[in-house]
Amino acid sequence: MLDIKRIREKFDEVAEGLQRRGMNLDLLEQARDLDIKRRTLVTETDALKMERNSRSKEIGALKKSGQDTTEVQASVRAMGEQIASKDVELREAEEALQTAMLSIPNVPCKTIPTGLDESANREVCKVGTPPEFDFEPKDHIEIGEDLSLFDLARAVKITGSAFPLMLGKGAKLQRALIQYMLDMHTTKHGYTEMLPPFIVNTDSMRGTGQLPKMAEDMYHCDVDDFWLIPTAEVPVTNYFRNEIMDRPLPVYLTAYTPCFRREAGSAGKDTRGILRVHQFDKVEMVKFVEPETSYDELELLVKDAEDVLNGLGLHYRILELCSGDISFAAAKCYDIELWAPGHNGWLEVSSCSNFEDFQARRLNCRYKDADGKKQFVHTLNGSGVALPRLVIAILEQCQQADGSVLIPEALRPYMQGMEKLEA
RNA sequence: GGAGAGGUGACCGAGUGGCCGAAGGUGUAGCAUUGGAAAUGCUAUGUACCCCCUGGGUACCGAGGGUUCGAAUCCCUCCCUCUCCGCCA
């Protein structure tokens, strides 16, 4: 959520930022007008309430001295009715303002490229070298079937399409990767491991910005009004919701969770294999930092995600997303994409974002600065990294002419020394 | 799921209709005392919002409703915590 004062005082600046996202300004103007309406109403009701409070006190005093108060009481009662109706008006204005505010995205960082879609994203760098093959590289589906790493056909029977079922060495590989990443983040990068709930309430979803916009993309438990998490970002970032943080910043947390996404509106896209699925595993990194440091912390966050890929010897590239391609809550975002030779394309496996104080305002998460003043923290998160696509990239980048897959050395300790995935 | 108890400021805890934004204590900060410190004493110490902003006002005692001239206090609904019972990986 943006600061309403910022909209009040620097309207043009905010408007310019939102236009860079390709957003029209209706909501923003609505918020500005509702804010004025709200303040007018507050002033009016506060004056009325002041009057009522003092009159009520007088009644108390009169009663004590034994005087008749029926007449005064009647007049104050009328006043109460007036207050009640003004209060309704005020609450409607407040709710409308809140609704508008919750649907206004973050203002993009000034330095990121301007553009409306991914074509304006800037490639920051390519790391490593693409593997060269003296044979036609297979895609992950063929490899997975040849080596019996998953069984997608039966998963359809169990649940439905796009729910992955990893099997045997495939399941083990995935589990090894989770261990490998968590171990790296906790021992080398200074993160504290968390294993949070995979189901959260509506307040949490609103806190990190998934609601109200993304409701259609998430799984909802109607009876309990709970949501299946689309990313560990939600439970982990909400850890400090409604708190003044009781520990020194920065705070680094990492968590493995499954992620559930309905992927509404993407029917038919990438439906084969495990490229785009309704349930996937991910190791996530979340940071709570002081405002002055958040952009430096973002660079470090990307390095932590890169470290995972470098350790596996994979070829990847980093993109700086343009103003129209960053997520709702982000001010700046880097994507990391792995090379998938079988698909002859890049696969997004990580998204590292600085939300500045946008999430913290929704979360009401603050800290005490050096002067003891309470301020909103800055939050960041990044995938470290997302799983099925990491598996795809390993299968496709490490495949051998004989049909086997060479397991990256860093992973072998997690697989009882296994060196190859073979049929 | 059933029965009971409870949710008050950073924390503990008093408060059952007006004198309560809330006693007392702890903690924290400042001052005094001291060679310095401990101990002691004094003082200060919630948040958000609004306005004609050196000041004034409103709201907040788990959340939301209701009763009343007036609610932390009475009534209703919900949420959460604890104890016991039941069920259960």
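Everything numeric in this text was worked out from a predicted model, so none of it was measured. In what follows, chains are A, B, ... by sequence order, proteins preceding strands, each numbered from 1.
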side-chain N/O [X] vs [N] OP1/OP2, d < 4.0 Å:
{"X": "Lys374(A)", "N": "U47(B)", "value": "yes"}
{"X": "Arg77(A)", "N": "C69(B)", "value": "yes"}
{"X": "Arg366(A)", "N": "G46(B)", "value": "no"}
{"X": "Asn53(A)", "N": "A59(B)", "value": "yes"}
{"X": "Arg55(A)", "N": "U68(B)", "value": "no"}

Need one value for [X]: base, sugar-phosphate or nothing, where a base atom within 4.0 Å counts as base even if backbone is also close, heavy atoms only.
{"X": "Arg361(A)", "answer": "nothing"}
{"X": "Val42(A)", "answer": "sugar-phosphate"}
{"X": "Arg39(A)", "answer": "sugar-phosphate"}

Is it true that [X] and [Y] make a salt bridge, defined as a side-chain N closer than 4.0 Å to a carboxylate O?
{"X": "Lys303(A)", "Y": "Glu299(A)", "result": "no"}
{"X": "Asp33(A)", "Y": "Lys37(A)", "result": "no"}
{"X": "Arg206(A)", "Y": "Asp203(A)", "result": "yes"}
{"X": "Asp3(A)", "Y": "Arg8(A)", "result": "no"}

Let's see if you can work this out: which of [options] has an atom nearest to the side-chain heavy atoms of [X]?
{"X": "Ile59(A)", "options": "G57(B), G18(B), C49(B)", "result": "G18(B)"}
{"X": "Arg91(A)", "options": "G18(B), G65(B), C50(B)", "result": "G65(B)"}
{"X": "Ser56(A)", "options": "G18(B), U58(B), C51(B)", "result": "G18(B)"}

**OP:** Would you kindly give the CG-to-P distance between Leu34(A) and C49(B), to the nearest whole Å?
**Re:** 18 Å

Original post:
Over how many whole Å does the gap from Lys49(A) atom NZ to A59(B) atom P extend?
Top reply: 6 Å

Original post:
Gly60(A) or Glu51(A): which one's nearest nucleotide on RNA chain B is closer to the 5' end?
Top reply: Gly60(A)

Original post:
Mapping Asp46(A) and Arg8(A) onto RNA chain B by nearest heavy atom, which one lands closer to the 5' end?
Top reply: Arg8(A)

**OP:** Look through every strand shown and name the nucleotide pairing with C20(B) as Watson-Crick or G-U wobble, where both distances are under 3.5 Å.
**Re:** none

Subject >> For A48(B), the Watson-Crick or wobble partner whose two distances fall under 3.5 Å >> reply: U58(B)

Original post:
Do Glu356(A) and Tyr295(A) have side-chain N/O donor and acceptor atoms under 3.5 Å apart?
Top reply: yes

